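Residue numbers run from 1 in the order of the sequence given. Since we're looking at a predicted model, the values are computed, not measured.
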Amino acid sequence: VQLQAFGGGLVQAGGSLRLSCAASGSIFSSNMGWYRQAPGKQRELVAVIAPGGSPNYADSVKGRFTISRDNAKNTVYLQMNSLKLEDTAVYLCYGRFDRGVWGQGTLVTVSS
């Protein structure tokens, strides 16, 4: 399975973006997630979603970001609202299939 993330871009603080992660195969039974890596920082978990749809979020994004999945489309989404400057990062999607699979990143830049 391969993952392709898209939807990043430049947005003003307080704005919104929606990221998508499309899988080349079925995500039905897989835990899926979004991570991010800011310049000079370690990669960090943003949100994960279980096959049944239960989400978990990093404290820094709770109440602002929403992860969801559409198993019929083999796609995972990350709705990001009330974006802050510190949300600027490359966002990567991840899927736990028979092995862990990383998608390429999509850059999110939040400006003041």
Side-chain angles (χ1 to χ4, degrees):
V1 176
Q2 293 182 324
L3 301 175
Q4 183 174 7
F6 50 94
L10 176 64
V11 62
Q12 285 192 322
S16 298
L17 277 177
R18 188 195 197 202
L19 305 183
S20 300
C21 174
S24 61
S26 175
I27 66 168
F28 183 80
S29 299
S30 300
N31 286 297
M32 304 294 296
W34 287 95
Y35 289 72
R36 67 186 180 187
Q37 188 162 18
K41 295 187 177 181
Q42 289 188 330
R43 186 174 296 182
E44 64 174 356
L45 174 68
V46 175
V48 294
I49 185 166
S54 298
N56 279 289
Y57 300 94
D59 288 343
S60 59
V61 306
K62 281 181 181 176
R64 300 188 298 122
F65 291 10
T66 302
I67 188 171
S68 61
R69 61 193 295 155
D70 185 335
N71 291 337
K73 295 182 179 180
N74 294 320
T75 301
V76 179
Y77 304 97
L78 185 69
Q79 177 66 44
M80 305 185 294
N81 298 329
S82 302
L83 282 160
K84 303 177 180 180
L85 297 179
E86 53 263 40
D87 294 320
T88 294
V90 174
Y91 284 72
L92 305 103
C93 61
Y94 175 83
R96 173 69 71 178
F97 302 98
D98 54 351
R99 59 183 177 87
V101 176
W102 289 95
Q104 92 292 356
T106 185
L107 177 62
V108 173
T109 303
V110 183
S111 65
S112 58

Interatomic spacing from CG in L107 to OH in Y91 - rounded to 0.5 Å: 9.5 Å
Co-membership, hydrophobic cluster, residues I49 and W102, 4.5 Å side-chain: no
For the student: nearest non-hydrogen atoms of G7 and L17, plus distance: O-CD2, 3.9 Å
Residues in side-chain hydrogen bond (donor to acceptor under 3.5 Å, both in side chains) contact with K62, at least two apart in sequence or another chain: D59
Shortest non-hydrogen contact from C21 toward L3: SG-CB, 3.9 Å
CG on N71 to OG on S30, rounded to 0.5 Å: 9.0 Å
Sidechain-backbone polar pair: R96 side chain, N31 backbone, donor-acceptor under 3.5 Å: no
Separation of Q37 CD from Q42 CD (nearest 0.5 Å): 8.5 Å
Gap separating the OG atom of S111 from the CG atom of L10, nearest 0.5 angstrom: 4.5 Å
Close side-chain approach of Q104 and Q4, heavy atoms under 4.5 Å: yes
Plane angle bin for Y94 and Y35 - parallel if under 30°, tilted between 30 and 60°, otherwise perpendicular: perpendicular
Side chain S20, main chain F6, donor-acceptor under 3.5 Å: no
Pairwise side-chain contact, F65 with L19, heavy-atom cut-off 4.5 Å (strictly under): no
Closest contact, heavy atoms only, V46 versus L78: CG1-CD2, 4.1 Å
Y57 side-chain N/O to I67 backbone N/O, donor-acceptor pair under 3.5 Å: yes
Pair N74-F28, side-chain contact (heavy atoms from CB on, under 4.5 Å): steps then yes or no: CA-CA 7 Å; N74 294 320; F28 183 80; 6.0 Å; no
Within one Ile-Leu-Val-Met-Phe-Trp-Tyr cluster: V90 and M32, side-chain cutoff 4.5 Å: no
Enclosure of E44 CD (heavy-atom neighbours >12, cutoff 6.0 Å): yes
Under 3.5 Å: donor-acceptor pair, side chain of R69, backbone of I27: yes
Heavy-atom donor-acceptor pair, S82 side chain to R64 backbone, under 3.5 Å: no
Verify same cluster id: V101, W34 (apolar side-chain graph, 4.5 Å): yes
Any side-chain heavy-atom pair of M80 and D87 under 4.5 Å: no
Heavy atoms of other groups near Q12 CD, more than 12 under 6.0 Å: no
Minimum-distance pair of heavy atoms, taken over all atoms of F97 and S26: CE2-O, 3.5 Å
Pairwise side-chain contact, S16 with Q79, heavy-atom cut-off 4.5 Å (strictly under): yes
Single-linkage hydrophobic cluster V108~V76, side-chain heavy atoms < 4.5 angstrom: yes
Check: V110 main-chain N/O paired with T88 side-chain donor or acceptor under 3.5 Å: yes
